[in-house]
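Since the model is a prediction, treat every value here as computed from it, not as a measurement.
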Amino acid sequence: MVLSLSKPERIVVVGGGMAALTTVFELTSRPDWRERYDITVYQMGHRLGGKGASGRNQKRFDRIEEHGLHLFYGFYDNAFSVLRRCYEELDRPEGAPLRTLEDAFHPHSLVVFEEQRGGQWQHQPLLFPRNDERPGLGAATPTPAELIPKMLTFLLDLFDEQPLLKNPAATRSDRAALRLLRRGVAGLLGELGEFLQRPGDGLLVVRREAVLGRLLAFSRWTWRLCAPLLGRRPDLRVAWTAIDVTLAMIRGMIADRLVEETAVDWLRLDHEDFRAWLRRHGASDEAVAASTVAGVYAGAYMADQEIGAGTALHWTLRMLYTYRGALFYKMQAGMGDVVFAPLYLVLRARGVKFRFFHRADALHLSADRSRVDEVVFGRQIAVTRGREYEPLYDVKGLPCWPSEPLYDQLENGDALAHSGENLEDWGTQWPDAQEPLVLQAGRDFDRVLLGIGLGAVPALCAEMIADPNNPRFAAMVRAVKTTHTASAQLWFRGDLASTGWQLPPPVMIPYAMPLDTWADMSHLLPRESFPGHVPAGSCAYLTAAMDDNEEPPVRREDADGYCARQTTRIRTLVEQHLRTRSAHLWPAAQKPGGGLDHRRLVSTDAGADPLDWQHFSPCLNPSDRYVRSIRGSTFHRLDAGASGYDNLVLCGDWTMNPMNLGCVEGATMSGIRAAQVISGEAFALHDDWLAARRPALRPPARERPRYIQRALNESTSPPYEARATAMYAAVLAADPERLADLCERHLGLNPERCYLPLGPSAVFYAQHNHALSAVDAPGVVPERDFGFLVPVAVCERRAGKLTPVGVAVYMPYLWVDLGAALLGGREVLGFPKGQATLGFPTAPTGAVELRVDTWMPPATGRSGAWREERLIDARLDGSARSRVRSLADALRSGFDPAWLASRGVDLAGQLRLLRALTLTLRTGGLRMVFLKQYRDAAACDRACYQAIVEAPCTRAGAPRVAAQLPGALQLRILRRSGLLGELGLRAEGGDSERARVPALATFYTELDFTIGAADVVWAA
């Protein structure tokens, strides 16, 4: 048999969000990646992006429809790095839309915080200063000690940006107070800078407490001095709260000794709420309750929750003091257009395979719960003529995802379009086009990358959650919470100024619930296709977390109508919000009696409420739910490589990652970490403070090869496929006690599982495989194998009794005539194969003669030579009468209820075994059980490896021939071989050298079958 070189690792990627695509992007970034990996991404529905997916509504002027409001922060070093490299590789031509990363992302610096005082909402605009840095270039992240001077310098820059200092109409006292405040900050900057940079001085207790005391005193002095000014100037009040919170963060960083660490373990603060941590370190109640802090919570969809202090502090420090260029970056088209279309185009060009309309339904574990054995996908709809689905279409020269599938590429696409069903809806009633796709470990994949959102994990990973051997997985699912989100997009007939908004286009947070965040996204209108007669002048995106008003469905069968109900609910919340809260935002767009005048909204549906024309976005499926960072929950997150299963890698913003927050950067960091785990390579991960918690991966080491492939003299891998196999099977009477003793000695290693002979019979078989092939070797070979089978009941020991769980066959002895089969069978599955010359008739007619000639030691003495001897021969005696009339009779003769009862199998267990036997007879599928072991080199009386292995043997189609032969096969077995005693075979005559064992019945079959990859059900 010709053996192939090592094949690429087959990776199944479940989900196409930012985390999963980042992993694939990094793994395929090496020139030789095709030699190492074979990657396929499976995606529910028609588009990639997960929670960040967006689409274009072709029926409504290619308008952009998002799942929510998506902005990039300027500190997203990893996300910008991935996209910068992606855009460079995409290399769009001169003049193409969004040709470069800078074309695709424009800086934005104005944040309008909202605060309610005296029952009235007040705008608190804060213009964040720009800098000359560019995101995504790998700049180092400052340590906490390096951050403190930056924080104070930032406050100085913040003061200098405020309009009051530049406004000649401001009162002299106001400007004087602000300048005094600035001088105080500048003085602290100098003192703290000197204190933190003096070498060898350390953080002595006396000096530390003195500086901390000065920080607190300065904050209190600031409030007393500036209270009148801050009371009447919301813009300055937000600046002061920023000062107060910043000083409290500095004090806390020094007091909790974060400044003494180069890689802070932020998790050690996550047992405490962020607001409580700020108060503990001197922040005033006014500052803690201020809009700036509330904005941190609202931005993480945590307005009504407690967020872990470490996670929130790390996020805030990165957000405010390490951004590159600007605080925010607004995408210049939909997130799908700007992020996921370029990633898809680059990855597809590299050779990554994408399978759209594949809904992940389940991950099943192996019998020993050590790995994922199967991944099940529902095949939602077929692409016409088996072609590859082309998911993008052109909008003004830009490749974009549509909001609905491109129906003309789909079989029954017209029916789907007219049905109103949405294939991204977890509860869609559209029937799957085909039977589920079941991918098998070893046959179809080597590793699974689970990249779906945490909300879908309970449905997909029920076996992992229930696994008693891996309690951390279930603990993560219980502890890390998700929330539904409400999102809406409104297109106004006039520009932003016409609505009465008097400031520049803002990002506004946090405003009144139920929609506490608003951003003007009017800059996207030129990317849409509104004609001149449809006066779309501005666009508003609104979003917030939304409490569940009903139990969110886990199973798909419980999700029918859920998405529609939530869409209606969001539309109702938006209508309420516009009626009661919109006057503060858009005072010139109100009706005379109050509430937004819906006629100010764009609509082309005559006579309908224009609000219905707008876009409302619920969570279409559990994977879309936002992941929260509730105090105390982050400890339960699992690292990408800590799923607890050998071949399962995790990625997503819900895993343990350096951000631990629901955001694009967290998803990207998780994806890079997953690439590190899969490859063993040190892919750059900026701000990876978690590396200090992973000492075994410092620096990341290449994972030890699971099997060292040497190209020559290697075994092959299952599945093994046998075609045109001819087989004789002779049922032999045997002593069940002897068989039980043999099974116990060979297979009795697992205290929780045993194998019990079904009754008083064994089977001698002889087969000729005319065409045998292996998954990792080209071509086919002929092979013969003869041996003995023991039908067994597979039983588990539960509460002191035996509970049958199935039937199998154990093969204690067998021989083959091919060296490659000998090597592979022993090494891979544990077949106890010996090599022999095997005689096999050409056809089951005339004289049937079978023989096993193998090398045997001499009968006596150590000096005698080994020689080839006849171990077994068998001839069909046509004159002898068969003792059973059919295969069913043969099965009954080998199934002894009284024997099973004597061994503790009750009537219910016996019936279960009969049903399993019937199923095996009908389907041709059975389990084979093996003892796989290797003798220890140092202590030859023991094994260096032992395992009980079970492998599926599956008949392919119906047998071409299946017949009981007339007469009975007469076996002659060499007595000194010990086979008779080991198997308890009942001899009837013979001579001193050979015993004669007549068969109860003999059967002949011609069939095809497959032996699949095995489960290791027990290993030492």
Side-chain angles (χ1 to χ4, degrees), residues 11 13-29 39 41 48-52 70 72-73 75-83 136 141 266-267 270 300 308 310-311 314-315 318 339-340 343 447-457 460-461 472-473 476-477 479-480 482 623-629 633-645 648-691 693-694 697 700:
I11 300 174
V13 181
V14 183
M18 189 66 190
L21 295 184
T22 295
T23 304
V24 177
F25 183 84
E26 296 291 6
L27 290 177
T28 59
S29 62
I39 301 175
V41 178
L48 303 174
K51 291 187 286 289
H70 300 292
F72 271 47
Y73 283 86
F75 76 91
Y76 281 5
D77 291 327
N78 294 282
F80 273 118
S81 172
V82 168
L83 290 176
T141 302
W266 300 102
L267 285 179
D270 258 6
T311 296
H314 178 234
W315 165 269
R318 292 298 317 276
V339 175
F340 296 108
L343 282 171
R447 188 129 47 170
V448 178
L449 177 68
L450 183 61
I452 47 84
L454 180 62
V457 168
L460 270 64
C461 302
R472 291 186 63 208
F473 197 96
M476 173 194 66
V477 175
V480 183
T482 65
S623 186
D624 289 340
R625 291 175 65 90
Y626 183 87
V627 181
R628 285 175 156 171
S629 302
S633 68
T634 49
F635 306 101
H636 296 282
R637 291 173 175 240
L638 296 178
D639 177 69
S643 70
Y645 305 100
L648 178 64
V649 178
L650 310 176
C651 69
D653 59 10
W654 49 274
T655 64
M656 179 68 77
N657 65 81
M659 199 54 58
N660 280 340
L661 200 75
C663 62
V664 172
E665 181 71 352
T668 305
M669 292 173 121
S670 173
I672 296 172
R673 173 68 188 136
Q676 292 177 347
V677 169
I678 291 172
S679 69
E681 296 185 34
F683 290 107
L685 180 54
H686 304 295
D687 191 27
D688 185 16
W689 56 269
L690 281 169
R693 297 172 61 93
R694 301 189 294 261
L697 293 173

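Here the closest non-hydrogen pair linking C663 and Y76 is CB-OH, 3.4 Å. Across Y626 and A300, no two heavy atoms sit closer than the pair CE2-O, 3.2 Å. Listed here is the closest heavy atom pair of F25 and L343: CD1-CD2, 4.0 Å. Nearest heavy atom pair, residue G453 against residue K51, reads CA-NZ, 4.4 Å. When all heavy atoms of R447 and V649 are compared, the pair lying nearest together is CD-CG2, 3.8 Å. In terms of heavy-atom proximity, A674 sits nearest to L650 at CB-O, 3.8 Å.
Between F72 and V339 the shortest side-chain heavy-atom distance falls below 4.5 Å. With a 4.5 Å cut-off on side-chain heavy atoms, E681 and L27 do not count as touching. Here the side chains of S29 and F683 are in contact, with some heavy-atom distance below 4.5 Å. Taking the side chain as every heavy atom from C-beta outward, M656 and L267 approach each other to under 4.5 Å. Taking 4.5 Å as the limit, some side-chain heavy atom of Y73 sits within range of a side-chain heavy atom of W315. Residues F473 and V457 have side chains in contact (heavy-atom distance under 4.5 Å, counting atoms from C-beta outward). Counting only heavy atoms from C-beta outward, the side chains of L450 and C461 approach each other to under 4.5 Å. L661 places none of its side-chain heavy atoms less than 4.5 Å from the side chain of D653.
The distance from atom CG of L638 to atom CG of N657, rounded to the nearest 0.5 Å, is 12.0 Å. Atom OG1 of T311 is separated from atom CZ of R637 by 7.0 Å, given to the nearest 0.5 angstrom. The OG1 atom of T23 sits 9.5 Å away from the CD1 atom of I11 when rounded to the nearest 0.5 Å. Considering NE2 of H636 and CH2 of W654, their distance stands at 15.5 Å, rounded to 0.5 Å. A distance of 5.0 Å separates CD1 in I678 from CG in L449, rounded to the nearest 0.5 Å. To the nearest 0.5 angstrom, R318 atom CZ is 4.0 Å from T141 atom OG1.
Side-chain atoms of D687 and H314 include a donor-acceptor pair closer than 3.5 Å. With 3.5 Å as the limit, one finds no donor-acceptor pair spanning the side chains of T634 and N660. S670 and T655 form a side-chain donor-acceptor contact under 3.5 Å, judged by distance and modelled atom types alone.
No donor-acceptor distance shorter than 3.5 angstrom exists from the side chain of R625 to the backbone of G455, with no hydrogens or angles considered. Side-chain atoms of D688 do not come within 3.5 Å of backbone N or O of P658 as any donor-acceptor pair. A donor-acceptor pair under 3.5 Å links the side-chain atoms of S643 to the main chain of L648, judged by distance alone. With S633 contributing its side chain and V480 its backbone, the two residues share no donor-acceptor pair below 3.5 Å.
Partners of H70 under the side chain to side chain donor-acceptor pair (under 3.5 Å) rule, at least two apart in sequence or in another chain, do not exist in this structure. With sequence neighbours left out, A642 forms a side chain to side chain contact (heavy atoms under 4.5 Å, CB included) with R472, D639. Under the side chain to side chain contact (heavy atoms under 4.5 Å, CB included) criterion, N78 pairs with E665, T668, M669, I672, L685, H686, sequence neighbours left out.
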Chi angles and distances behind the side chain to side chain contact (heavy atoms under 4.5 Å, CB included) call for L690, R673: CA-CA 10 Å; L690 281 169; R673 173 68 188 136; over 6 Å; no
